Colleague: 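Encoded as structure tokens, here's the structure I'll be asking about.
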Amino acid sequence: MNARYALTWERITTGILPQFTGEQQATARLIAESHDAALHLPGQILQGLT
């Protein structure tokens with residue numbers, strides 16, 4: 001890992017991600033890795049889809 005982003009990575013992995021369920025994290029990962037237009041939808045709309 002690049003030392004430049006170590007603190008940011010730590011904060012995300014220990015402070016932010018644990019606030020979400022595994023299912024929510026998996027859904028977000030699938031959306032981010034897809035080439036689907038859903039990535040461009042506001043979070044409120046995506047909540048209704050999951």
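As a basis for the values below, the full set of heavy atoms in this structure was taken, side chains included, without hydrogen atoms, waters or symmetry mates. Quantities reported herein were computed from a predicted structural model and do not represent experimental measurements.
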Colleague: As an exercise, state the distance from OG1 of Thr27 to CZ of Phe20, rounded to the nearest 0.5 Å.
Modeller: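 So the gap between those two atoms works out to 11.5 Å.
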Colleague: Give a yes or no on whether the backbone of Leu30 and the side-chain of Glu33 come within a donor-acceptor separation of less than 3.5 Å.
Modeller: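 Not a single qualifying donor-acceptor pair exists.
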Colleague: If you round to the nearest 0.5 Å, how far is CD of Gln19 from CD of Gln25?
Modeller: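 One finds 10.5 Å between CD of Gln25 and CD of Gln19.
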